[in-house]
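As the structure lists them, so they are numbered: ligands from 1, and atoms in each ligand from 1.
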Amino acid sequence: MAQAKKALGSSQKKGGAAARTVVKKYPNYIGGEWVASSSGEWFENTNPADTRDVVGRFPVSTREDVEAAVSAAKTAADRWRRLPAPRRAEILFRLGELLIRDKDRFAREMTREMGKVLKETGGDVQEAIDCTYYTAGEGRRLHGFTTPAEMPDKFAMCVRQPVGLCGLITPWNFPMAIPSWKLIPALVCGNTVVIKPAEDTPLSTYNLVKACEEAGVPAGVVNLVTGYGETAGAAIVNHPSVRLISFTGSTETGRVVAGACAERNAICSLEMGGKNVIMVLEDADLDLAVEGAVWGAFGTSGQRCTASSRVVVHKKVYKKFTQMLVERAKGLRVGNGLDEKTDVGPVINADAVHKILGYVEIGQREDGARLACGGNRLTGGGHANGYFIEPTVFADAAPDMRISQEEIFGPVTTVIPTSSLEEAIDIGNGVRYGLSASIYTRDVNRAFRAMQEMYTGIFYVNSSTIGAEVHLPFGGTKGTGNGHREAGTQVLDIFTEWKSIYVDYSGKLQRAQIDEVNFE
Ligand code: NAD
(Lines give C-alpha, C1' and ligand atoms only; values in the text may rest on other atoms or scores of the structure.)
Protein backbone atom coordinates (compact mmCIF):
# COMPACT_ATOMS: atom_id res chain seq x y z
CA MET A 1 0.00 0.00 0.00
CA ALA A 2 1.33 3.44 -0.86
CA GLN A 3 2.21 5.71 2.00
CA ALA A 4 1.68 9.38 1.24
CA LYS A 5 4.88 11.26 0.52
CA LYS A 6 4.13 13.60 3.37
CA ALA A 7 1.68 14.04 6.19
CA LEU A 8 1.25 17.15 8.22
CA GLY A 9 -1.19 18.09 10.95
CA SER A 10 -2.48 21.65 10.93
CA SER A 11 -0.50 22.32 14.10
CA GLN A 12 2.82 21.13 12.69
CA LYS A 13 5.35 23.53 11.27
CA LYS A 14 7.15 22.75 8.05
CA GLY A 15 10.90 23.12 7.83
CA GLY A 16 13.19 23.93 4.90
CA ALA A 17 12.73 26.27 1.98
CA ALA A 18 9.04 25.51 1.60
CA ALA A 19 8.29 26.99 5.04
CA ARG A 20 9.11 30.44 3.74
CA THR A 21 6.76 30.31 0.79
CA VAL A 22 2.99 30.41 0.94
CA VAL A 23 1.63 27.03 -0.02
CA LYS A 24 -1.80 26.95 -1.59
CA LYS A 25 -4.60 24.97 0.07
CA TYR A 26 -6.88 22.91 -2.15
CA PRO A 27 -10.14 22.06 -0.33
CA ASN A 28 -12.61 19.24 -0.80
CA TYR A 29 -15.60 19.72 -3.11
CA ILE A 30 -18.86 18.68 -1.47
CA GLY A 31 -22.35 19.59 -2.62
CA GLY A 32 -20.98 22.31 -4.90
CA GLU A 33 -18.94 23.97 -2.13
CA TRP A 34 -15.16 24.04 -1.68
CA VAL A 35 -14.67 23.10 1.96
CA ALA A 36 -11.94 22.14 4.42
CA SER A 37 -12.06 18.81 6.23
CA SER A 38 -13.89 18.56 9.54
CA SER A 39 -10.53 17.38 10.92
CA GLY A 40 -9.05 20.81 10.24
CA GLU A 41 -5.93 18.94 9.10
CA TRP A 42 -4.08 19.17 5.81
CA PHE A 43 -1.43 16.98 4.24
CA GLU A 44 1.35 18.14 1.98
CA ASN A 45 1.71 17.14 -1.63
CA THR A 46 5.43 17.39 -2.43
CA ASN A 47 7.37 17.12 -5.65
CA PRO A 48 9.13 13.73 -5.87
CA ALA A 49 11.88 15.31 -7.98
CA ASP A 50 12.58 17.86 -5.22
CA THR A 51 10.91 17.29 -1.89
CA ARG A 52 11.61 20.88 -0.82
CA ASP A 53 8.98 21.92 -3.36
CA VAL A 54 5.53 21.70 -1.75
CA VAL A 55 2.91 21.55 -4.48
CA GLY A 56 -0.07 22.15 -2.22
CA ARG A 57 -1.94 21.23 0.94
CA PHE A 58 -4.98 18.99 0.85
CA PRO A 59 -7.62 18.06 3.44
CA VAL A 60 -7.10 15.00 5.64
CA SER A 61 -10.70 13.89 5.21
CA THR A 62 -12.65 12.02 7.85
CA ARG A 63 -15.66 9.73 8.00
CA GLU A 64 -17.78 12.88 8.60
CA ASP A 65 -16.49 14.45 5.37
CA VAL A 66 -17.35 11.28 3.47
CA GLU A 67 -20.78 11.29 5.10
CA ALA A 68 -21.34 14.86 3.89
CA ALA A 69 -20.15 13.97 0.37
CA VAL A 70 -22.42 10.91 0.22
CA SER A 71 -25.34 12.96 1.45
CA ALA A 72 -24.73 15.59 -1.26
CA ALA A 73 -24.47 12.88 -3.93
CA LYS A 74 -27.75 11.35 -2.72
CA THR A 75 -29.52 14.71 -2.84
CA ALA A 76 -28.41 15.32 -6.43
CA ALA A 77 -29.04 11.77 -7.65
CA ASP A 78 -32.65 11.88 -8.85
CA ARG A 79 -32.34 15.15 -10.76
CA TRP A 80 -29.13 14.01 -12.45
CA ARG A 81 -30.44 10.61 -13.46
CA ARG A 82 -33.61 12.18 -14.86
CA LEU A 83 -31.66 14.66 -16.99
CA PRO A 84 -31.64 13.01 -20.44
CA ALA A 85 -28.31 11.37 -21.21
CA PRO A 86 -27.65 13.56 -24.29
CA ARG A 87 -28.00 16.62 -22.04
CA ARG A 88 -25.63 15.15 -19.45
CA ALA A 89 -23.22 14.50 -22.29
CA GLU A 90 -23.40 18.11 -23.49
CA ILE A 91 -21.98 19.23 -20.15
CA LEU A 92 -19.19 16.68 -20.54
CA PHE A 93 -18.32 17.89 -24.04
CA ARG A 94 -17.84 21.31 -22.44
CA LEU A 95 -15.57 19.63 -19.91
CA GLY A 96 -13.53 18.20 -22.79
CA GLU A 97 -13.03 21.71 -24.17
CA LEU A 98 -11.81 22.97 -20.78
CA LEU A 99 -9.35 20.10 -20.47
CA ILE A 100 -7.94 20.99 -23.88
CA ARG A 101 -7.72 24.66 -22.89
CA ASP A 102 -5.77 23.85 -19.70
CA LYS A 103 -3.85 20.81 -20.93
CA ASP A 104 -0.38 22.37 -20.63
CA ARG A 105 -0.95 23.69 -17.12
CA PHE A 106 -2.45 20.41 -15.97
CA ALA A 107 0.51 18.51 -17.43
CA ARG A 108 3.06 20.73 -15.69
CA GLU A 109 1.23 20.48 -12.38
CA MET A 110 1.03 16.72 -12.79
CA THR A 111 4.76 16.43 -13.45
CA ARG A 112 5.36 18.50 -10.33
CA GLU A 113 3.21 16.30 -8.10
CA MET A 114 3.91 12.92 -9.68
CA GLY A 115 7.30 13.14 -11.38
CA LYS A 116 6.80 11.62 -14.82
CA VAL A 117 8.21 13.59 -17.74
CA LEU A 118 6.17 16.32 -19.41
CA LYS A 119 5.43 14.44 -22.61
CA GLU A 120 3.94 11.64 -20.51
CA THR A 121 1.86 13.91 -18.30
CA GLY A 122 0.64 15.61 -21.49
CA GLY A 123 -0.37 12.11 -22.63
CA ASP A 124 -2.13 11.52 -19.31
CA VAL A 125 -4.24 14.68 -19.71
CA GLN A 126 -4.83 13.78 -23.37
CA GLU A 127 -6.18 10.42 -22.27
CA ALA A 128 -8.67 12.24 -20.03
CA ILE A 129 -9.64 14.42 -23.01
CA ASP A 130 -10.04 11.39 -25.28
CA CYS A 131 -12.05 9.58 -22.63
CA THR A 132 -14.30 12.61 -22.14
CA TYR A 133 -15.11 13.05 -25.84
CA TYR A 134 -15.44 9.35 -26.53
CA THR A 135 -17.62 8.56 -23.54
CA ALA A 136 -19.72 11.71 -23.80
CA GLY A 137 -20.61 10.42 -27.28
CA GLU A 138 -22.29 7.52 -25.51
CA GLY A 139 -24.83 10.00 -24.17
CA ARG A 140 -26.53 9.73 -27.58
CA ARG A 141 -26.19 5.97 -27.70
CA LEU A 142 -26.29 4.10 -24.37
CA HIS A 143 -27.92 1.42 -26.47
CA GLY A 144 -30.25 -1.16 -25.08
CA PHE A 145 -31.97 -3.70 -27.31
CA THR A 146 -35.31 -5.10 -28.30
CA THR A 147 -36.01 -8.76 -28.86
CA PRO A 148 -39.12 -10.80 -29.78
CA ALA A 149 -41.25 -11.88 -26.85
CA GLU A 150 -42.42 -15.49 -26.71
CA MET A 151 -46.10 -14.52 -26.32
CA PRO A 152 -48.16 -12.69 -28.98
CA ASP A 153 -48.96 -9.00 -28.61
CA LYS A 154 -46.13 -8.54 -26.21
CA PHE A 155 -43.05 -6.35 -26.61
CA ALA A 156 -39.70 -7.08 -24.95
CA MET A 157 -36.77 -4.72 -24.50
CA CYS A 158 -33.75 -4.08 -22.34
CA VAL A 159 -32.52 -0.67 -21.14
CA ARG A 160 -29.58 0.50 -19.09
CA GLN A 161 -30.24 2.27 -15.81
CA PRO A 162 -27.67 4.03 -13.60
CA VAL A 163 -26.43 2.00 -10.64
CA GLY A 164 -26.80 4.97 -8.27
CA LEU A 165 -24.09 6.40 -6.05
CA CYS A 166 -20.55 5.47 -7.06
CA GLY A 167 -17.39 5.61 -4.93
CA LEU A 168 -14.28 6.07 -7.08
CA ILE A 169 -10.86 5.30 -5.60
CA THR A 170 -7.79 5.93 -7.71
CA PRO A 171 -3.99 5.44 -7.67
CA TRP A 172 -1.24 7.99 -8.26
CA ASN A 173 0.42 6.77 -11.44
CA PHE A 174 -2.16 8.15 -13.90
CA PRO A 175 -3.42 11.07 -11.82
CA MET A 176 -5.95 12.45 -14.31
CA ALA A 177 -6.44 9.64 -16.83
CA ILE A 178 -7.62 7.04 -14.33
CA PRO A 179 -10.01 9.34 -12.45
CA SER A 180 -11.47 10.35 -15.84
CA TRP A 181 -11.91 6.71 -16.90
CA LYS A 182 -14.22 6.28 -13.94
CA LEU A 183 -15.78 9.70 -13.51
CA ILE A 184 -16.86 10.38 -17.10
CA PRO A 185 -18.66 7.08 -17.74
CA ALA A 186 -20.25 7.24 -14.27
CA LEU A 187 -21.68 10.67 -15.12
CA VAL A 188 -22.80 9.88 -18.66
CA CYS A 189 -24.66 6.89 -17.29
CA GLY A 190 -26.52 9.09 -14.79
CA ASN A 191 -24.75 8.29 -11.53
CA THR A 192 -23.53 10.68 -8.88
CA VAL A 193 -20.07 10.16 -7.39
CA VAL A 194 -17.72 10.60 -4.49
CA ILE A 195 -14.11 10.43 -5.66
CA LYS A 196 -10.99 9.97 -3.55
CA PRO A 197 -7.65 10.33 -5.33
CA ALA A 198 -4.38 8.85 -4.13
CA GLU A 199 -2.60 10.68 -1.33
CA ASP A 200 0.39 11.40 -3.57
CA THR A 201 -1.43 13.05 -6.47
CA PRO A 202 -4.61 14.84 -5.36
CA LEU A 203 -3.96 17.98 -7.45
CA SER A 204 -4.70 16.40 -10.83
CA THR A 205 -8.07 15.10 -9.60
CA TYR A 206 -8.74 18.50 -8.04
CA ASN A 207 -8.07 20.04 -11.47
CA LEU A 208 -10.46 17.58 -13.13
CA VAL A 209 -13.22 18.24 -10.59
CA LYS A 210 -12.69 22.01 -10.78
CA ALA A 211 -13.11 21.75 -14.56
CA CYS A 212 -16.34 19.77 -14.01
CA GLU A 213 -17.65 22.64 -11.91
CA GLU A 214 -16.73 25.17 -14.62
CA ALA A 215 -18.32 22.99 -17.31
CA GLY A 216 -21.61 23.13 -15.42
CA VAL A 217 -21.85 19.75 -13.73
CA PRO A 218 -24.54 20.51 -11.12
CA ALA A 219 -23.74 20.74 -7.40
CA GLY A 220 -23.63 17.39 -5.62
CA VAL A 221 -23.18 15.31 -8.77
CA VAL A 222 -19.39 15.13 -8.31
CA ASN A 223 -17.91 15.26 -4.83
CA LEU A 224 -14.19 15.19 -4.05
CA VAL A 225 -12.66 14.11 -0.75
CA THR A 226 -8.91 13.82 -0.39
CA GLY A 227 -7.03 11.93 2.29
CA TYR A 228 -5.80 8.54 3.33
CA GLY A 229 -6.98 5.17 2.10
CA GLU A 230 -7.44 3.57 5.49
CA THR A 231 -9.73 6.38 6.67
CA ALA A 232 -11.38 8.38 3.86
CA GLY A 233 -11.08 5.52 1.34
CA ALA A 234 -12.42 2.92 3.76
CA ALA A 235 -15.29 5.22 4.78
CA ILE A 236 -16.40 5.37 1.12
CA VAL A 237 -15.98 1.62 0.61
CA ASN A 238 -17.98 0.82 3.74
CA HIS A 239 -20.74 3.39 3.33
CA PRO A 240 -24.11 1.63 2.98
CA SER A 241 -25.43 4.21 0.48
CA VAL A 242 -22.54 3.76 -1.95
CA ARG A 243 -23.86 1.19 -4.41
CA LEU A 244 -20.71 0.71 -6.46
CA ILE A 245 -17.01 0.92 -5.75
CA SER A 246 -14.72 1.37 -8.72
CA PHE A 247 -11.16 0.86 -7.52
CA THR A 248 -7.79 1.02 -9.24
CA GLY A 249 -4.68 0.29 -7.20
CA SER A 250 -2.62 -2.55 -5.83
CA THR A 251 -3.89 -6.12 -5.71
CA GLU A 252 -3.40 -6.10 -1.93
CA THR A 253 -5.67 -3.08 -1.36
CA GLY A 254 -8.09 -4.35 -3.98
CA ARG A 255 -8.57 -7.53 -1.99
CA VAL A 256 -9.48 -5.49 1.13
CA VAL A 257 -11.88 -3.36 -0.91
CA ALA A 258 -13.49 -6.43 -2.49
CA GLY A 259 -13.97 -8.05 0.93
CA ALA A 260 -15.65 -4.94 2.32
CA CYS A 261 -17.94 -4.71 -0.72
CA ALA A 262 -18.87 -8.38 -0.44
CA GLU A 263 -19.89 -7.83 3.21
CA ARG A 264 -22.55 -5.33 2.24
CA ASN A 265 -23.35 -6.59 -1.26
CA ALA A 266 -22.00 -3.55 -3.09
CA ILE A 267 -20.97 -3.79 -6.74
CA CYS A 268 -17.21 -3.80 -6.98
CA SER A 269 -15.00 -3.23 -10.00
CA LEU A 270 -11.26 -3.71 -9.53
CA GLU A 271 -8.24 -2.81 -11.68
CA MET A 272 -5.05 -3.98 -9.98
CA GLY A 273 -1.41 -4.95 -10.46
CA GLY A 274 0.50 -6.45 -13.35
CA LYS A 275 3.70 -8.33 -14.22
CA ASN A 276 3.66 -7.86 -17.95
CA VAL A 277 5.84 -9.68 -20.41
CA ILE A 278 7.45 -8.87 -23.74
CA MET A 279 8.34 -12.02 -25.69
CA VAL A 280 11.15 -11.58 -28.21
CA LEU A 281 11.47 -14.41 -30.73
CA GLU A 282 14.59 -15.22 -32.74
CA ASP A 283 13.15 -13.64 -35.91
CA ALA A 284 12.23 -10.34 -34.23
CA ASP A 285 13.37 -6.93 -35.41
CA LEU A 286 15.75 -6.48 -32.47
CA ASP A 287 16.05 -2.70 -32.73
CA LEU A 288 12.28 -2.41 -32.54
CA ALA A 289 12.08 -4.89 -29.67
CA VAL A 290 14.73 -3.04 -27.67
CA GLU A 291 12.94 0.23 -28.33
CA GLY A 292 9.71 -1.31 -27.03
CA ALA A 293 11.38 -2.81 -23.98
CA VAL A 294 13.05 0.50 -23.04
CA TRP A 295 9.79 2.42 -23.39
CA GLY A 296 7.76 -0.28 -21.61
CA ALA A 297 10.19 -0.82 -18.75
CA PHE A 298 11.41 2.70 -18.04
CA GLY A 299 8.59 4.99 -19.23
CA THR A 300 6.88 6.51 -16.15
CA SER A 301 9.93 5.11 -14.28
CA GLY A 302 8.36 1.67 -14.63
CA GLN A 303 5.37 2.76 -12.55
CA ARG A 304 2.67 1.64 -14.94
CA CYS A 305 0.33 -1.25 -14.29
CA THR A 306 1.20 -2.30 -17.86
CA ALA A 307 4.99 -1.82 -17.48
CA SER A 308 7.20 -4.32 -19.30
CA SER A 309 8.77 -5.73 -16.16
CA ARG A 310 9.73 -9.05 -17.81
CA VAL A 311 11.36 -9.67 -21.17
CA VAL A 312 11.49 -13.28 -22.30
CA VAL A 313 14.05 -13.62 -25.11
CA HIS A 314 14.87 -16.51 -27.41
CA LYS A 315 18.34 -17.93 -26.72
CA LYS A 316 19.46 -17.34 -30.32
CA VAL A 317 19.20 -13.57 -29.88
CA TYR A 318 19.40 -13.38 -26.09
CA LYS A 319 22.98 -12.15 -25.76
CA LYS A 320 22.66 -9.50 -28.43
CA PHE A 321 19.27 -8.29 -27.20
CA THR A 322 20.45 -8.03 -23.59
CA GLN A 323 23.56 -6.09 -24.59
CA MET A 324 21.50 -3.69 -26.66
CA LEU A 325 18.94 -3.23 -23.87
CA VAL A 326 21.63 -2.58 -21.26
CA GLU A 327 23.37 -0.05 -23.50
CA ARG A 328 20.11 1.82 -24.02
CA ALA A 329 19.21 1.70 -20.32
CA LYS A 330 22.60 3.13 -19.36
CA GLY A 331 22.12 6.00 -21.79
CA LEU A 332 18.80 7.18 -20.33
CA ARG A 333 18.90 10.52 -18.55
CA VAL A 334 17.31 10.40 -15.12
CA GLY A 335 16.13 13.71 -13.71
CA ASN A 336 13.36 16.18 -13.09
CA GLY A 337 10.45 15.51 -15.43
CA LEU A 338 10.04 19.25 -16.02
CA ASP A 339 13.43 19.27 -17.77
CA GLU A 340 12.87 18.46 -21.44
CA LYS A 341 16.14 16.53 -21.62
CA THR A 342 14.97 14.03 -19.01
CA ASP A 343 14.02 10.53 -20.15
CA VAL A 344 13.16 9.02 -16.77
CA GLY A 345 11.71 10.97 -13.85
CA PRO A 346 11.77 10.12 -10.14
CA VAL A 347 9.73 7.41 -8.47
CA ILE A 348 6.79 8.51 -6.41
CA ASN A 349 7.97 8.55 -2.78
CA ALA A 350 10.40 7.26 -0.15
CA ASP A 351 8.45 4.03 0.32
CA ALA A 352 8.76 3.33 -3.39
CA VAL A 353 12.54 3.85 -3.24
CA HIS A 354 12.74 1.45 -0.33
CA LYS A 355 10.61 -1.17 -2.06
CA ILE A 356 12.43 -0.96 -5.40
CA LEU A 357 15.92 -1.09 -3.86
CA GLY A 358 14.68 -3.99 -1.74
CA TYR A 359 13.89 -5.87 -4.94
CA VAL A 360 17.31 -5.02 -6.36
CA GLU A 361 18.79 -6.71 -3.32
CA ILE A 362 16.41 -9.66 -3.59
CA GLY A 363 17.36 -10.05 -7.26
CA GLN A 364 21.06 -10.24 -6.45
CA ARG A 365 21.14 -12.05 -3.12
CA GLU A 366 18.05 -14.20 -2.84
CA ASP A 367 17.35 -14.90 -6.49
CA GLY A 368 20.93 -14.87 -7.77
CA ALA A 369 20.18 -13.12 -11.05
CA ARG A 370 22.82 -10.98 -12.76
CA LEU A 371 22.50 -7.23 -12.23
CA ALA A 372 23.42 -6.05 -15.73
CA CYS A 373 23.04 -2.32 -15.07
CA GLY A 374 21.60 0.18 -12.63
CA GLY A 375 20.38 -0.81 -9.20
CA ASN A 376 21.29 2.39 -7.36
CA ARG A 377 19.56 5.39 -5.98
CA LEU A 378 20.97 8.60 -7.46
CA THR A 379 21.74 11.19 -4.83
CA GLY A 380 24.33 13.56 -6.30
CA GLY A 381 23.87 16.91 -8.05
CA GLY A 382 20.35 17.52 -9.33
CA HIS A 383 19.24 14.26 -7.76
CA ALA A 384 19.99 15.22 -4.15
CA ASN A 385 16.45 16.08 -3.06
CA GLY A 386 14.40 13.62 -5.07
CA TYR A 387 13.57 9.94 -5.39
CA PHE A 388 15.70 8.92 -8.36
CA ILE A 389 16.65 5.36 -9.25
CA GLU A 390 18.86 4.23 -12.14
CA PRO A 391 17.18 2.25 -14.91
CA THR A 392 17.93 -1.32 -13.87
CA VAL A 393 18.21 -4.52 -15.88
CA PHE A 394 18.47 -7.98 -14.39
CA ALA A 395 19.70 -10.64 -16.82
CA ASP A 396 19.89 -14.45 -16.74
CA ALA A 397 16.83 -14.62 -14.53
CA ALA A 398 14.69 -17.70 -14.00
CA PRO A 399 10.91 -17.44 -14.39
CA ASP A 400 10.19 -18.43 -10.79
CA MET A 401 12.47 -15.86 -9.15
CA ARG A 402 10.75 -13.22 -7.06
CA ILE A 403 11.95 -10.47 -9.41
CA SER A 404 10.28 -12.41 -12.25
CA GLN A 405 7.05 -12.92 -10.34
CA GLU A 406 6.30 -9.88 -8.17
CA GLU A 407 5.26 -6.39 -9.19
CA ILE A 408 8.23 -4.10 -8.46
CA PHE A 409 6.63 -0.92 -9.84
CA GLY A 410 9.89 0.87 -10.57
CA PRO A 411 12.48 1.22 -13.34
CA VAL A 412 13.51 -2.42 -13.17
CA THR A 413 13.11 -5.13 -15.77
CA THR A 414 14.06 -8.77 -15.74
CA VAL A 415 15.37 -10.59 -18.82
CA ILE A 416 14.67 -14.32 -18.98
CA PRO A 417 16.10 -16.65 -21.66
CA THR A 418 13.83 -19.12 -23.45
CA SER A 419 14.22 -21.77 -26.15
CA SER A 420 10.79 -21.76 -27.82
CA LEU A 421 7.56 -19.86 -28.34
CA GLU A 422 5.68 -22.46 -26.28
CA GLU A 423 8.03 -22.03 -23.34
CA ALA A 424 7.85 -18.22 -23.67
CA ILE A 425 4.05 -18.42 -23.49
CA ASP A 426 4.23 -20.64 -20.39
CA ILE A 427 6.61 -18.21 -18.73
CA GLY A 428 4.46 -15.28 -19.82
CA ASN A 429 1.34 -16.83 -18.33
CA GLY A 430 3.14 -18.17 -15.27
CA VAL A 431 2.46 -15.24 -12.93
CA ARG A 432 -0.51 -14.35 -10.76
CA TYR A 433 -1.39 -11.29 -12.86
CA GLY A 434 -2.90 -11.03 -16.35
CA LEU A 435 -2.94 -7.46 -17.60
CA SER A 436 -0.80 -6.99 -20.70
CA ALA A 437 1.65 -8.96 -22.88
CA SER A 438 3.41 -8.51 -26.18
CA ILE A 439 5.35 -10.43 -28.80
CA TYR A 440 8.04 -9.35 -31.24
CA THR A 441 8.20 -11.64 -34.27
CA ARG A 442 7.94 -11.45 -38.06
CA ASP A 443 6.09 -14.76 -38.21
CA VAL A 444 2.36 -14.14 -38.43
CA ASN A 445 1.51 -17.71 -37.45
CA ARG A 446 3.45 -17.49 -34.22
CA ALA A 447 2.03 -14.03 -33.50
CA PHE A 448 -1.49 -15.47 -33.78
CA ARG A 449 -0.53 -18.48 -31.64
CA ALA A 450 0.64 -16.14 -28.87
CA MET A 451 -2.41 -13.91 -29.31
CA GLN A 452 -4.58 -16.95 -28.70
CA GLU A 453 -2.64 -18.51 -25.84
CA MET A 454 -1.74 -15.52 -23.67
CA TYR A 455 -4.32 -15.19 -20.89
CA THR A 456 -4.19 -11.40 -20.51
CA GLY A 457 -6.69 -8.59 -20.98
CA ILE A 458 -4.43 -6.77 -23.45
CA PHE A 459 -2.03 -8.09 -26.09
CA TYR A 460 0.30 -6.33 -28.52
CA VAL A 461 2.17 -7.55 -31.60
CA ASN A 462 5.47 -5.83 -32.42
CA SER A 463 4.77 -3.16 -29.86
CA SER A 464 5.44 -2.72 -26.15
CA THR A 465 3.07 -3.75 -23.34
CA ILE A 466 1.86 -0.17 -22.87
CA GLY A 467 -0.20 2.19 -25.01
CA ALA A 468 -3.90 1.50 -24.42
CA GLU A 469 -6.46 3.57 -26.32
CA VAL A 470 -9.70 4.71 -24.71
CA HIS A 471 -12.13 3.15 -27.17
CA LEU A 472 -10.94 -0.40 -26.48
CA PRO A 473 -11.73 -2.25 -23.25
CA PHE A 474 -9.00 -2.07 -20.62
CA GLY A 475 -8.38 -4.49 -17.77
CA GLY A 476 -6.85 -7.79 -16.87
CA THR A 477 -7.37 -11.41 -15.91
CA LYS A 478 -6.40 -13.35 -12.76
CA GLY A 479 -4.93 -11.18 -9.98
CA THR A 480 -5.27 -8.03 -12.08
CA GLY A 481 -9.03 -7.74 -12.11
CA ASN A 482 -12.38 -9.20 -11.16
CA GLY A 483 -13.94 -9.63 -14.57
CA HIS A 484 -14.80 -6.04 -15.48
CA ARG A 485 -13.34 -3.83 -18.18
CA GLU A 486 -12.92 -0.08 -18.15
CA ALA A 487 -12.88 2.10 -21.30
CA GLY A 488 -14.54 1.11 -24.57
CA THR A 489 -18.29 0.65 -24.46
CA GLN A 490 -17.62 -2.17 -22.00
CA VAL A 491 -17.23 0.38 -19.19
CA LEU A 492 -20.97 1.03 -19.49
CA ASP A 493 -21.53 -2.41 -18.02
CA ILE A 494 -19.80 -1.24 -14.85
CA PHE A 495 -21.77 1.96 -14.43
CA THR A 496 -25.22 0.75 -15.50
CA GLU A 497 -27.44 -2.16 -14.65
CA TRP A 498 -29.75 -3.83 -17.14
CA LYS A 499 -33.50 -3.57 -16.81
CA SER A 500 -35.62 -5.97 -18.87
CA ILE A 501 -39.04 -4.57 -19.73
CA TYR A 502 -42.07 -6.49 -21.02
CA VAL A 503 -45.09 -4.67 -22.43
CA ASP A 504 -48.15 -6.87 -22.86
CA TYR A 505 -50.71 -5.23 -25.15
CA SER A 506 -52.92 -8.32 -25.60
CA GLY A 507 -55.44 -7.19 -22.99
CA LYS A 508 -55.42 -10.61 -21.31
CA LEU A 509 -53.30 -12.60 -18.89
CA GLN A 510 -50.56 -14.42 -20.82
CA ARG A 511 -48.44 -16.84 -18.84
CA ALA A 512 -44.90 -17.28 -20.13
CA GLN A 513 -43.68 -20.90 -20.16
CA ILE A 514 -47.24 -22.11 -19.42
CA ASP A 515 -49.72 -20.96 -22.05
CA GLU A 516 -49.42 -22.62 -25.44
CA VAL A 517 -49.13 -20.45 -28.51
CA ASN A 518 -50.20 -22.16 -31.75
CA PHE A 519 -50.32 -21.27 -35.45
CA GLU A 520 -54.02 -20.70 -36.16
P1 NAD B 1 -2.82 1.50 -3.51
O2 NAD B 1 -3.57 0.23 -3.51
O3 NAD B 1 -1.84 1.72 -2.43
O4 NAD B 1 -3.81 2.76 -3.43
C5 NAD B 1 -4.83 2.95 -4.39
C6 NAD B 1 -5.93 3.80 -3.78
O7 NAD B 1 -6.57 3.05 -2.74
C8 NAD B 1 -5.43 5.10 -3.12
O9 NAD B 1 -6.35 6.14 -3.38
C10 NAD B 1 -5.45 4.74 -1.64
O11 NAD B 1 -5.61 5.86 -0.80
C12 NAD B 1 -6.67 3.84 -1.56
N13 NAD B 1 -6.72 2.94 -0.40
C14 NAD B 1 -5.68 2.41 0.28
N15 NAD B 1 -6.14 1.63 1.28
C16 NAD B 1 -7.49 1.65 1.22
C17 NAD B 1 -8.53 1.04 1.98
N18 NAD B 1 -8.28 0.24 3.01
N19 NAD B 1 -9.81 1.28 1.61
C20 NAD B 1 -10.09 2.08 0.56
N21 NAD B 1 -9.15 2.70 -0.18
C22 NAD B 1 -7.86 2.48 0.13
O23 NAD B 1 -2.15 1.61 -4.95
P24 NAD B 1 -1.16 2.72 -5.50
O25 NAD B 1 0.17 2.53 -4.88
O26 NAD B 1 -1.80 4.07 -5.42
O27 NAD B 1 -1.10 2.34 -7.05
C28 NAD B 1 -0.21 1.42 -7.59
C29 NAD B 1 -0.91 0.13 -7.92
O30 NAD B 1 -2.00 0.39 -8.79
C31 NAD B 1 -0.02 -0.86 -8.67
O32 NAD B 1 -0.21 -2.14 -8.15
C33 NAD B 1 -0.54 -0.77 -10.11
O34 NAD B 1 -0.30 -1.93 -10.88
C35 NAD B 1 -1.98 -0.53 -9.88
N36 NAD B 1 -2.62 0.05 -11.05
C37 NAD B 1 -3.46 -0.72 -11.78
C38 NAD B 1 -4.05 -0.23 -12.93
C39 NAD B 1 -4.99 -1.07 -13.76
O40 NAD B 1 -5.77 -0.50 -14.51
N41 NAD B 1 -4.97 -2.38 -13.66
C42 NAD B 1 -3.77 1.08 -13.34
C43 NAD B 1 -2.90 1.84 -12.56
C44 NAD B 1 -2.33 1.32 -11.42
Within-cut-off N or O pair, Val237 and ligand 1, under 3.5 Å: no
Closest to atom 35 (C) of ligand 1 (judged by heavy-atom distance), picking from Gly233, Pro171, Gly249: Gly249
Nitrogen or oxygen of Glu407 less than 3.5 angstrom from that of ligand 1: yes
Any Gly476 heavy atom less than 4.0 Å from ligand 1: no
From Asp200, Thr253, Val256, Ile169 - option closest to atom 2 (O) of ligand 1 by heavy atom: Thr253
Phe174 near ligand 1 by a heavy-atom separation under 4.0 Å: no
NZ or CZ of Arg304 within 45° of Trp172 ring axis and under 6.0 Å: no
Beyond-backbone contact of Pro185 with Ile494, side-chain heavy atoms, under 4.5 angstrom: no
Pick from Ser250, Ala198, Ala307, Pro175: the one approaching atom 1 (P) of ligand 1 most closely through a non-hydrogen atom: Ser250
Cation over ring face, Lys25 and Trp34, 6.0 Å, 45°: no
Contact check: Trp172 vs ligand 1, nitrogen or oxygen atoms, below 3.5 angstrom: yes
Axial cation check for Phe174 ring with Lys116, 6.0 Å and 45° limits: yes
Parallel, tilted or perpendicular, as decided by the 30° and 60° cut-offs, for the rings of Tyr228 and Phe43: tilted
